[in-house]
Every structure is written in structure tokens, then in C-alpha cells.
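Please read the structure below before turning to the comments.
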Amino acid sequence: MRTNYLLFLILVMSLCSCEHKVVTQSNLAFVSDEVKSSTIEALKNNYPDLELRIERGVNHAASLWYEEDGTPSDFKAFCEEHFVSDEEERRILFDKISRNLEILNGHFNMISLELQEPLHLKYGEIKPIDETFGGFNPSAHLQEDLFAGKIAFEVALNFPFYSLSEKKEFAKEWTRLDWAYARMGDVFTSRIPAHLKQEVSRVGSNSDVYISQYNIYAGNLVDEAGNRPFPEHMVLLSHWNLRDELKANYPLGNVGLQKQKMIYQVMKRIISQSIPNDVINNGEFLWNPYTNQVFANGSEVTLDSEPDTRYQQIVNNFRALRAMDAYTPLDTYIKRKFEGEMEISQPEVEALFVEFLESEVLKEVGTLISERLGRPLEPFDIWYDGFKARSNINEEHLTAQTRKLYPDAAALDSDLPDLLIKLGFPAEKAHSLGEKITVDPARGSGHAWGAAMKGQQSHLRTRVPESGMDYKGYNIAIHEFGHNVEQTLSLYDVDYYMLNGVPNTAFTEALAFIFQKRDLQLLGRSDKSPEQEALKTLDVLWSTYEIMGVSLLDMRVWKWLYEHPDATASELKDATVTLAKEIWNNYYAPVYGMKDEPVLAIYSHMVSYPLYLSAYAYGNIIEFQLEQYLTEQDFAEEVQRIFRQGRLTPNQWMMEAVGSPIDVHPMIEAAKEALKQI
Ligand SMILES: [Zn+2]
């Protein structure tokens, strides 16, 4: 887990809300085409060499100008007065705005960090007022204030927005300064009315509640012989706990298989919404998911099915998000999520996934899994986890070591430079990084909270029990440490503040996992063997196979929604099941040997985190490419070089990091090699 305040704030700048001004559809295109043209003409007469920059800047500023900002002639006058033609003057303007954004981001970051300390750190009992302040967003009105003060328009006019495809096109010729200018152009790209944002939060939080209460009383599941195979009090949250229970049954032979089949039957009832409504989050009834019979006090009762609520939630999210389309240059939620947030276009993501899903190596790995299981594959084997490399080292020994090394947070804090030295960082760099990272004793499992201006610390929050840090806690702390190192390098060592950070969350997660994998090395131990490495590769490949299928479904469902904007929940249900089976038949049936399975539609993310799943798949690919590159290179030197690049677009970042764009082939090739070793 990782918190980067700047990325957050920039995002908030285009998403934050302002209650006291209601902007309506009628404000759209307030500056007419005629006014735009005459403004452009007037500026071009003065600066004929700057035609392109003038057009881009005026058009972008006009797209953000609403009635409340002034009359059309005010707009024209503003542009004439504030357009900076001289390049040296423009650079001075850039430096000043950049410095001030750093001041704003940095201080708002500190306010949030400190207000939330009673929630995150060991400050005694949490009182309701702590939670109220914890939910308070000090920068909620910053964006509106920057528009009201015309600062946003000055930025938009002189540092206009470039679309993803333009960034891609210009990447080859852009200097670092050009990139920094373009990132400044990303700060103000849209002004979405507050009531629309509120509606998105409202339906989003309803979906979260729906998903967070979708518990299945596994102890109440019965088969036709009247057996109840799960422990009496077992309650499983869909789909995460259902999946984890399914995984946990792999070592249990035929008994495990029967339980796995029962869980899959429950999943199918959820997907088709034939699940009796009153067995959800309710332990009153016994339920046979095969026959769909329900029993109370020994006799059969009739219950209504869930009334397509699962799909109604998706429809609600779709309608609320679609209402924003008119207010942003990225005019669908699909574009905002992919081009905007991930900075990889949706068609590009889909093409990459399909390329992976069609790879022949999946068939061979499927055959290997079937051999290891001693049975034909079942649809739920998308979650097969038998490649997980088990450590040979006893965890109790490791815990004894970590408790002794880290009796409290301060002990870890003072050890950070040494950990970096063990990873090959030069002593001086290790100390300067260590000085910028503070370890705090956390209440929960921990997180990494990054700095947002130079001079600030990034915080490694970790749980240290009274008895000292156990191995599991240490392992997570090393993950967070990876985030902190990324946060520090990509803020302090990047040449322009506007470029600080990484392209998207997958990149910081990659470094966090790369650190985490080296946790034993940092304890002076190692249990690496070629076989374990090969198993790890197959494990990553198989989990990528699973997550890409569900991501593909998520994307195709949203494309279908945009093609059928008035769809009802029941129509969406039918479409989702059809699309899930289609993807299964194309990319899974050739490996699994059976058709028309709907399993890919079970993911809860589709309901409460629309279009988020693809980020996991990208995380796997990026981490694999980086890890492979770093194992062959000077680790510390290359980590520093790579994370100094800052926030380029993902593909450009990867090109400059490892010499090739984001690509599935390294993983596929490594899997072929791994198969030879097993
Ligand atoms: Zn993380």
C-alpha cells in the first residue's frame, strides 16, 4: 500500500468538489467558437511565430471558462494580457508556478498527514472527533479557488494540455523541460460540477456497502446427501474469501475438490442472481447451491432470488460516471480510467491482454497443473496456487531474528541505511535516503506515506507488537520501505518538481514487491534455488492469466454499457454472462477443455471498483520486466537511475528503464524456460 499525496492532489484537482457553486450543463462551451477565433487571431497578429502554441492554449483555457469566470470579452482580454510569448519569461513563469504548487501540495500533505495521525499511529483510543478530522479534506476547495483566482487559466493558457496520443507522438523529441511543461498542463484539465461528483461518491459508496456485506454462510451449505462440508461458523465474503477458501482446499485431495466444486456452484448462483436473496449475509437458512433448495428448521422453504441487485449497482455507477462525460476532454469513463489515470489507452491494454491470452505456453502450463493435480482442470483452477514457492526456512526462526533486530520502530528506523547498503547502495546515498524516511509505529498493518515537497520526510508506517517485530510484519515493512525509497528518489532526485513521482501506481508497487522479495537477503539468508525461481515464474504467469481474463471482461462490459446506455440491470446481467462465456470460450476453453463457463464474472471489483482490475495485470507485467532487468544489472545503481525519471508516460518510462516498452513476452519466454526446469 502506498500514499502519494501529489498524485492524489493532482487527481483531486480535477475531481474535488465545491458545494457553493452549482454548475449546470448550460455552462458548457460558454466561450463560443467566434470568440475563440477572434482571440487566437488577435494574439497571432502580435506573435505570428507562435501560432500552434496560441491555438492550443486559447482552446484549452476556453474549455475551462464558465459563465461565472467572466464575459466572453473578459476571456479575450484575459488571454491577451496573460499569454506569455517570450520563452525566457515563460520559463520564469513555469518555475514560479511549479514552486508554488510544491508549496501547496507539500503543506496540504502535511496537514492531512498530521490530522490523521491519531487514526494511523498509536495515540490511544480513537474518538469520533478523530474520525471526523480524519475524513476532512483540507484541500477540497483548492481547485475551485485556483479557478476563481484565475491561476488555473494562466496555467491552461501557457502550459496547455496534451492528450495521451500527443504525448506519445512528441515523446521522441521532447526534452525533460518539455515533459515538465506538459505535466503542468495536466493539472487543470476539467471542471466537473460538484453535484455530479457527489452523485459518483454516493453510488460508489452504496456499491462498497453492498459488496462489503455480501457474506455467504459457508457453514450452512448442504449437499444432496445432507452433508455440511464447511465448519459451522465459517462465513465467506464474496468473492475474496470464497476464492481464498477455494485455494486453501488444494492440498486436501478429493474432500477439498468437493468443497471447491460447492464454492464454484455458489459463485455461479451469484453471477446468475439465482441465489436466494435471504441466504446473503444471513445464517438463518441451510442452502443447497446445486438444487437451490433452502431449509429452515428441517423443512424446505421458498425464497425469492436476488433481484439483479449486483447488476443494478454497476448500472448506477455507469449512469453517475457517464453524467461527467460532457465536462472533460476525456469524454467517457473508459477514457478517463485508461488514457487519463493509467495513461495507456484502452485499445492498447486490450490488445496486450489478448496477445498474452492467446499464448501457446498457457496450454503447456495447464497440462502441467492437471498432472500435478492428478485430474482434468476445473474452471476454478484459474486460482490454482500450487506453484507458490514455500520457504525452506522455519518462520519461527525468522521471527526470533526480526524480534531481536527490531524490538521497536526506532530500531528499524536507524537500520534503514544499512538495509540499503546490503542492497548495494553506496554508503552516502544510503544515509541520505535513510534520513528522508521516518519509521512510525502504526496501528494497522502499515502503509507508506510519501512526501510532497522537498524537505519533507516520507513515512514508513509499520506494526511493531510489544514483543518486537515478527517476520510477517517485517516482510510487509520491507514492502513499504520499497515504496518509501521510490517516493524519495522520485521526489528528491527528479530534475523538475512537475515530473516527480511514477507513471501510475503499478510502478511504485513494482519496486515495493521487488524490495519485499529481497527480505531474506536483508536478514543475511537466502533460499533461492533454480527450481524455486522457475515455480515463481509459473505462479506469476498463471495469476496473470486469471487477472487478464477478468480485466478483459470488465472492459468489455463497460464498452457494452456505452453502446447500451439505457440498459436495465437484467439486460446487463445477460450481457455480462454472454461476454464472460465468450472470453472463456476464446481464451480458456482451449486450455481447460470445457466451454461456456461464467467464472470470470464473479469479481467484486467489477461492482465496487469499476475498471480497476487491469491495473493489477499491468502491475504483474511491469514488476516482471523490472525484476528481470534488475537481476542482471547493478541493482542499486539502476534503481536510482530508473526512478529518477519521474512521471513520464508508462511506455516511455519503461523504454528508458529497461530498453523496451511494456511487453508480455519476457514473462512468456521465462515461462517456457521454467517449464523445461520443472
Ligand atoms: Zn504496496
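Under 3.5 Å, the side chains of Tyr618 and Asn504 contain no donor-acceptor pair of N or O atoms. Under 3.5 Å, the side chains of Glu486 and Thr508 contain a donor-acceptor pair of N or O atoms. Checked by atom type, the side-chain pair Asn292/Trp287 shows a donor-acceptor distance below 3.5 Å. For the residue pair Glu673/Gln677, the side-chain donor-acceptor check at 3.5 Å is not satisfied.
Nearest heavy-atom pair, Arg372 versus Tyr384, reported as atom, atom and distance to 0.1 Å: NE-OH, 3.1 Å. Nearest heavy-atom pair across Ser274 and Ser305 is O-OG, 3.6 Å. For Phe353 against Ala617, the heavy-atom pair with the smallest separation is CZ-CB, 3.5 Å.
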Hey, mind stepping through Asp308 and Lys573 against salt bridge (Lys or Arg N to Asp or Glu O under 4.0 Å) and telling me if it holds?
CA-CA 7 Å; Asp308 295 338; Lys573 174 180 75 181; 3.0 Å; yes

Given the rule in the salt bridge (Lys or Arg N to Asp or Glu O under 4.0 Å) test, do Glu199 and Arg319 qualify, once you have shown the distances and angles that lead to the verdict?
CA-CA 10 Å; Glu199 181 60 5; Arg319 290 187 183 151; over 6 Å; no

Between Glu341 and Lys337, is a salt bridge (Lys or Arg N to Asp or Glu O under 4.0 Å) present by the stated rule, with each step listed?
CA-CA 5 Å; Glu341 260 175 60; Lys337 206 63 192 169; 3.1 Å; yes

Going through the checks in order, is the salt bridge (Lys or Arg N to Asp or Glu O under 4.0 Å) test met by Glu627 and Lys517?
CA-CA 10 Å; Glu627 176 69 81; Lys517 272 190 201 155; 3.7 Å; yes

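The aromatic rings of Tyr562 and Phe318 sit perpendicular to each other, their planes meeting at more than 60°, with 30° as the lower class boundary. The aromatic rings of Tyr210 and Tyr214 lie perpendicular to each other, with more than 60° between the two planes, well past the 30° mark. Taking the six-membered ring where tryptophan is involved, the planes of Phe356 and Tyr545 are tilted, since the angle between them lies from 30° to 60°. Using the six-membered ring where Trp is involved, Tyr588 and Tyr592 have ring planes that are tilted, between 30° and 60° apart. Trp653 and Phe507 have perpendicular rings, their planes meeting at more than 60° on a 0 to 90° scale where under 30° would count as parallel. Ring planes of His447 and Trp449: tilted class, angle from 30 to 60°.
Not one N or O on the side chain of Asn215 forms a donor-acceptor pair closer than 3.5 Å with the backbone of Asn281. Remark: side-chain polar atoms of Arg228 are not paired, donor with acceptor, to backbone N or O of Asn220 under 3.5 angstrom. Looking at Arg269, its side chain never comes within 3.5 Å of a backbone N or O of Gln265 through a donor-acceptor pair.
Here the two rings, on Phe513 and His479, have centers that are under 6.0 Å apart. The ring of His239 has its center closer than 6.0 angstrom to the ring center of Tyr603. Checked against the 6.0 Å centroid threshold, Trp542 and Phe387 do not count as a close aromatic pair.
Contact annotation: the side chain of Thr302 never approaches that of Val294 to less than 4.5 Å [non-hydrogen atoms, C-beta and beyond].
When each of Leu368, Leu257, Asp381 is tested with Leu373 by the rule side chain to side chain contact (heavy atoms under 4.5 Å, CB included), just one qualifies, namely Asp381.
From Phe481, atom CZ reaches atom OG1 of Thr462 across 12.0 Å, with rounding to the nearest 0.5 Å. Rounding to the nearest 0.5 Å gives a distance of 4.5 Å between CD1 of Ile514 and CG of Leu626. Between the NZ atom of Lys261 and the CG atom of Asn249 there is a distance of 13.0 Å, given to the nearest 0.5 Å.
A salt bridge between Lys168 and Glu348 is present, with a side-chain N of the basic residue lying under 4.0 Å from a carboxylate O of the acidic one.
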